[in-house]
Amino acid sequence: MGLGWWFFGVLALISVVGIPWARACFVIGQFTFFPFGQEAINREELTHREDIGTSILGTVGNILWFIFAGVWLAIGHVTSAIACFVSIIGIPFGIQHLKLAGIALAPIGKAIVTTEVAEAARRNASESVVAGLRR
């Protein structure tokens, strides 16, 4: 499936219009090969501010991505997950493929970070919400 991500990344590069998607394809493709210890997190949750990928333009980009590549990658990940679930030893890989299927549907606005960074970002976000409620 990592090769599938890289394939769509090359197609995005060739199309020129898809260059913004190409980098994400290569990063998520690498994440597909080595998923443990890393996590996909919303960039707005990570940086606490909106950017192009987390704005309405990111939503439009995700819709275009879904139509042209996302659904096919998600189907591939679900199929791979089912194949992994057949054996006991493959269950953790199947779970990762299901997570990747969700990412495949809407990858724009996501960042791949270590699990520790994702937990810290979520903790900081929850602390700021609690601090806002106390005011």
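What you see is a predicted model, and the numbers here were worked out from it, not measured in a lab.
- G9 approaches C25 most closely through the heavy-atom pair CA-CB, 3.5 Å.
- Chaining together hydrophobic side chains whose heavy atoms lie under 4.5 Å apart places V113 alongside I41, L46, V117.
- Across every non-hydrogen atom of F85 and I91, the tightest pair is CE2-O, 3.6 Å.
- Taking all atoms of both residues into account, the shortest heavy-atom contact from A81 to G94 is CB-O, 3.4 Å.
- The nearest pair of heavy atoms linking P35 to Q96 is CB-OE1, 3.7 Å.
- Going from atom CD of E119 over to atom CG of N124 covers 12.0 Å, rounded to the nearest 0.5 Å.
- Of all heavy-atom pairs spanning A74 and L105, the tightest one is CB-CD2, 3.5 Å.
- Inter-residue side-chain proximity for V10 and F26 is flagged as met; some heavy-atom pair is nearer than 4.5 Å.
- H97 pairs by the side-chain hydrogen bond (donor to acceptor under 3.5 Å, both in side chains) definition with H77, not counting sequence neighbours.
- Counting all heavy atoms, side chain and backbone alike, A101 lies closest to V78 at CB-CG2, 4.0 Å.
- Grouped by direct or indirect side-chain proximity (heavy atoms under 4.5 Å, Ile/Leu/Val/Met/Phe/Trp/Tyr only), F93 sits with F36.
- Residues in residues 19-43 take part in these side-chain hydrogen bond (donor to acceptor under 3.5 Å, both in side chains) pairs, two or more places apart or across chains: E39-R122, R43-D51.
- Rounded to the nearest 0.5 Å, atoms CD1 (I75) and OG (S80) are 12.0 Å apart.
- No more than 12 heavy atoms of other residues, nucleotides or ligands lie within 6.0 Å of CZ in F7, so this atom counts as exposed by the packing criterion.
- For the pair W5 and V27, the minimum side-chain heavy-atom distance is 4.5 Å or more.
- Atom-to-atom distance recorded for L73:CG and M1:CE is 5.0 Å, nearest 0.5 angstrom.
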Pairs of donor and acceptor atoms involving the side chains of residues 60-68, under 3.5 Å and at least two apart or interchain, shall be tabulated with distances.
residue	atom	partner	partner atom	Å
N62	OD1	I108	N	2.9
N62	ND2	G58	O	3.4
N62	ND2	I108	O	3.1
W65	NE1	A104	O	2.7

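- In this structure, the separation between CD1 on I82 and CG on L98 is 8.0 Å, given to the nearest 0.5 Å.
- Under the salt bridge (Lys or Arg N to Asp or Glu O under 4.0 Å) criterion, no residue pair touches residues 90-102, with sequence neighbours excluded.
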